[in-house]
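Here's the structure, in structure tokens; my notes come after.
Keep in mind it's a predicted model, so treat the numbers as computed, not measured. So you know, we letter chains A, B, ... as the sequences are listed, proteins then strands, and number each from 1.
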Amino acid sequence: MTTPILWALTLTAMAISGWRFWVRFRPLLAARPAGRTDRIADRLSFMVGDIGLHRRLLRFSYSGILHALIFSSFLVLFTAILESFGSGLFPGFSLTAIGGETWIALLQNIFAVVITIGLGMAIYHRFVIRPERFEGSKTRDATIIYVLATPIVITMILEASARLAIDGQGSAWRPVSTLFMYPMMALGITGHAAEQAEGVFYWAHILAILAFLVYIPGSKHRHMFTAGPNIFFRPLTPKGQLPAPAPTPGEDTPTTVQAYRDFTWKDLLDTMSCTECGRCQSVCPAHAQGKPLSPKKLIMNLRDGYLTDQGLMDSPDHAMPIVGGTIQPETLWSCTTCRACMEVCPVHIEHVPKIVNLRRSLVEEGEVEPLLQSALTNFQSQGNSYGKPAKQRARWTKGLSYKIKDARKEPVDILWFVGDFASFDPRAQKLSFLVAELLGRAGVDVGILYDGERNSGNDVRRAGDEGLFEMLAMHNIEQLEVCEFNRIMTTDPHSLNALKSEYPALGAAFDVVHYSELFLELIKADRLRINPGQAGRVTYHDPCYLGRYNGIFDAPRDVIRALGHELIEMPRNRDNSFCCGAGGGRIFMEDSPGGERTSESRIREAMELGDIDTFVVACPKDVVMYSAAVQALGVEDRIAVRDLAELITETVETEERVAQ
Amino acid sequence: MHIAAILRLNPVLTEELEVDEDGRDIDREWIGLELNPFDDQALEQAVLLKEATGAKVTALAAEAEGGERLLKTALARGVDEVLLIEVGEENVQLSSRARAPLFQEALEGLAPDLVLTGVLSTDDIYGELAPQLGALLDWPQVSAVSNVALGDGVATLQQEYSGGISARIEVQLPAVVGLQAATQPPRYVAGSKLRDLLKVEVPTVEPGADFGADLADATELEVPDTSGGAEMLTGDAEAVAARIHEILVERGLV
Ligand code: SF4
Ligand code: SF4
């Protein structure tokens with residue numbers, strides 16, 4: 001008699017839930033392609049670590065643990081759900097044969113406790129600890145889930161308690177249920193009354209589960225279903241390779257992102273997978289500086305805009321257009337493309353490609369702020385942001401103790417791609433000079449492109465000017481392809497990223513090394529003799545485009561140690577490094593911080609380590625950014641910003657010293 | 001309606017300029033060239049008028065080098081046609097007066113209703129080009145204009161005077177305008193538009209006219225002396241403030 005009712009209820013709930021999912025995901029079918037179905041095995045094996053082992057989640061230990069508790073409990077308690085629905089829908093169904101009354105029951109009891117602890121921790125976290133990263137997340141949604149999940153567990157336990165109370169016999173396999181059996185019996189619920197109670201708890205359990213099922217598609221907790229696919233379909237291209245604009249199905253030329261269907265389906269899936277956990281927000285330098293950007297809110301706003309556009313939400317704040325309506329241009333321009341958000345997001349949401357895609361639509365319309373406009377115009381006319389003629393690129397080489405080869409005219413071992421900053425910025429030029437002298441001393445066969453070099457286009461691409469990036473990149477590739485060399489070296493992580501990660505997508509693959517890697521080789525091979533002596537206590541800042549983007553963490557550290565210095569790590573190091581604020585074209589834009597500049601907060605972080613005298617950098621832009629920060633903080637007498645090249649120069653034995 | 005915009009390249013002034021060996025011109029070996037900012041305004045105004053009235057716009061240049069690239073940028077900005085007047089590679093320094101007959105000839109061929117160019121340029125700080133052209137073509141000419149509207153056979157112009165005063169002037173077309181500022185600041189043209197135009201051939205003409213003769217010649221050029229005169233103030237805020245006060249008093253500024 002109850003079976004048909006259960007069937008009706010279950011099918012209705014599933015239909016409603018299914019429909020609620022379908023309307024949210026149907027538009028993905030009409031969105032642009034993302035090409036994420038290659039290397040299935042890699043995709044699957046990665047999920048083991050990210051879901052099974054909670055690799056990313058556990059970086060935030062408290063919430064990582066509570067998530068692990070709830071997640072594992074859900075898996076175990078799924079057996080209880082199976083039992084409830086199985087026995088109700090298919091009379092005779094039971095897990096008893098495989099241990100439903102013994103070890104499975106015991107596990108269920110244990111994990112009922114585990115999930116209660118997990119939920120308790122979650123509630124404590126959200127309402128008492130209240131970390132800043134929850135600011136802007138939807139508390140009501142989270143609360144509803146706690147309210148729905150708790151009765152599922154309670155009714156599961158009490159249903160068994162009532163069953164045990166029928167005969168008044170506890171069970172060692174169900175310790176928790178047995179515990180609740182006694183008060184029940186004390187209330188006189190035994191025998192027939194207990195049978196009735198069992199029925200009540202059974203139906204309460206069923207209803208709680210079905211309510212949960214119906215609620216889920218409209219909640220951030222749909223990540224239970226979308227997180228897996230979202231991680232599976234994550235990008236496997238190099239981290240430093242931005243996806244090019246994709247064409248909309250049915251149209252042949254890629255256009256910019258104007259409407260939601262102009263995103264790729266993965267972009268839309270991203271927005272539907274965000275858990276509002278705010279981890280991205282907590283590591284975002286733009287957010288920390290008080291800029292109008294939080295990667296979490298960006299994704300939430302895109303999601304709400306998408307839902308409003310689909311008629312599934314009614315929010316005037318999120319009406320079309322995307323840029324200027326849901327998302328403000330200032331939000332997009334605030335991003336340094338540092339990738340900290342993407343690195344930390346437990347469901348592998350891709351913030352940066354979306355930001356760049358939306359920037360592209362602004363650039364296409366000519367809507368760029370005045371400083372950026374003049375930088376981009378300079379790139380168009382001169383190939384560098386300074387608007388300096390290419391002829392002046394190699395001016396910094398004047399006064400070197402030898403003439404650097406022109407790699408376009410003769411073969412070289414190392415082709416040095418100097419980069420704009422290192423070529424034109426007066427402070428960075430001095431470092432280029434030092435690098436050149438060190439290479440000369442080590443007898444490296446090195447050449448440069450002279451006036452043939454243009455900006456690598458890395459930051460131009462991230463500022464959203466795809467066409468200009470292509471022009472710059474193609475120019476450089478044409479120049480490089482006629483040169484004979486073994487490897488490319490650069491001191492500039494942004495150029496490194498373009499050469500190493502971006503150019504391969506344009507059909508040009510080169511062997512690219514950072515100067516820290518080359519100098520480490522030279523030191524190891526004794527081609528540069530180190531004379532350690534003035535060892536200092538130093539700290540090292542990982543440039544985003546060297547570390548997070550290209551995985552070069554150790555070479556600079558090894559060089560520092562080889563020079564005899566004691567390296568003290570800042571709390572935010574390696575892939576958790578904190579951006580200097582210059583990336584993604586930010587360096588070309590007006591910087592009017594709301595709060596403390598990120599570069600200043602970084603210097604402060606270094607000074608909190610105690611007696612650190614040197615802040616070591618390995619990027620020409622960092623030298624400029626952090627020197628300015630040290631000056632702004634007025635701490636020149638306490639900490640010095642020094643480039644790796646300076647450290648090497650002062651410890652390396654000169655020929656004269658060697659001769660002595 | 002047909003509008004001609006005359007564009008000129010200028011040395012990039014963010015650079016430290018050096019005087020060449022003759023001492024009569026800057027050393028052009030190392031300098032970069034950029035579109036004269038006032039011509040940039042003229043170009044923008046021409047495109048704005050095109051958008052408002054459907055006029056056709058032709059951009060003209062007469063450059064020894066960089067003219068092609070300049071005109072491709074103009075195409076990307078939205079002009080319909082371009083024309084490069086060949087002046088010969090050796091003529092890197094041409095005054096407005098020298099170039100005016102060349103432009104006159106080209107303009108007589110194009111017969112536009114309105115000629116827009118920058119009010120002045122770093123190579124022409126007296127703003128000679130527009131008046132020269134007006135005189136040569138015998139068309140009305142107005143300079144220091146900040147706003148252009150087109151009517152039936154007339155243009156309404158706003159001419160700027162010092163002290164924030166301006167006059168509204170109506171001129172019969174055809175006319176030559178030396179523009180100071182367009183109605184809107186020049187917009188950015190995305191690289192994709194420029195990239196698509198890279199392969200376009202820029203049409204060129206050999207001028208039949210001779211260069212105009214300059215009435216005056218530079219005899220000596222000197223880089224302004226910027227050394228000295230600066231004093232770095234050091235110390236804490238109070239010491240610096242005290243020193244500033246002292247200087248102001250010393251110089252009789254307060
Ligand atoms: S890339 Fe960096 S600056 Fe941009 S949203 Fe992510 S964390 Fe913030
Ligand atoms: S984007 Fe990722 S890290 Fe940010 S709130 Fe959403 S799930 Fe969390």
Side-chain angles (χ1 to χ4, degrees), chain A residues 244-245 253-256 359-395 398 424 426 451 454-455 457 460-461 463-475 478 585 588 634 636, chain B residues 7 9-18 26-37 39-40 43-44 47-48 51 61 63 65-78 92 182 184-199 232 234-237 240:
Chain A
T253 45
T255 46
T256 52
R359 283 181 175 184
R360 283 176 183 152
S361 62
L362 282 169
V363 169
E364 203 61 36
E365 295 299 311
E367 282 167 39
V368 292
E369 62 159 275
L371 279 183
L372 180 61
Q373 174 166 354
S374 87
L376 290 175
T377 309
N378 286 338
F379 280 123
Q380 287 187 356
S381 59
Q382 311 292 347
N384 62 75
S385 62
Y386 296 83
K388 301 212 180 188
K391 287 179 269 191
Q392 291 197 357
R393 235 174 218 283
R395 237 190 187 180
K398 272 191 193 169
F424 294 117
D451 55 345
R454 296 284 179 275
N455 181 281
V460 169
R461 184 163 210 215
D465 199 333
E466 187 69 5
L468 184 52
F469 160 72
E470 276 172 35
M471 281 192 285
L472 293 167
M474 290 320 293
H475 174 95
E478 277 163 25
F588 311 127
E636 296 101 316
Chain B
L7 309 179
L9 288 172
N10 276 177
V12 176
L13 291 183
T14 47
E15 245 354 87
E16 265 187 37
L17 298 177
E18 284 170 21
I26 52 170
D27 187 347
R28 291 178 189 258
E29 172 72 27
W30 290 97
I31 56 165
L33 296 171
E34 64 180 6
L35 172 60
N36 169 30
D39 293 350
D40 198 359
L43 173 61
E44 187 63 32
V47 174
L48 287 170
E51 286 165 358
E63 298 294 335
E65 63 172 307
E68 284 214 2
R69 177 83 178 204
L70 170 68
L71 291 177
K72 283 178 185 174
T73 315
L75 283 170
R77 288 271 288 272
V92 287
Q184 279 171 30
R187 69 195 89 177
Y188 180 65
V189 176
S192 56
K193 296 199 180 108
L194 198 57
R195 178 196 50 198
D196 296 345
L197 290 162
L198 276 189
K199 293 202 177 64
M232 284 301 282
T234 51
D236 59 12
V240 171

Val363(A) portion near chain B, given a 4.5 angstrom heavy-atom threshold = both
Electrostatic pair Arg195(B)-Asp465(A), nearest N-O below 4.0 angstrom | no
Note: Leu472(A) and Gly383(A) closest approach over all heavy atoms is CD2-CA, 4.0 Å
Heavy-atom distances under 4.5 Å only: say whether Glu470(A) touches chain B with side chain, backbone, both or neither.
-> side chain
Would you give the length of the straight line joining atom CG of Asp196(B) to atom CE of Met471(A), rounded to the nearest 0.5 angstrom?
-> 9.0 Å
For Leu198(B), is it the side chain, the backbone, both, or neither that has a heavy atom closer than 4.5 Å to a heavy atom of chain A?
-> side chain
Under 3.5 Å, side chain of Glu44(B) to main-chain N/O of Arg187(B), donor-acceptor pair present?
-> yes
Give me the ring orientation class for Phe379(A) and Phe588(A): parallel if the planes are under 30° apart, tilted from 30 to 60°, perpendicular past 60°.
-> perpendicular
Gln382(A) versus chain B, heavy atoms under 4.5 Å apart: side chain, backbone, both or neither?
-> side chain
For chain A, the option from Pro186(B), Ala190(B), Pro185(B) that forms the most heavy-atom pairs under 4.5 Å | Ala190(B)
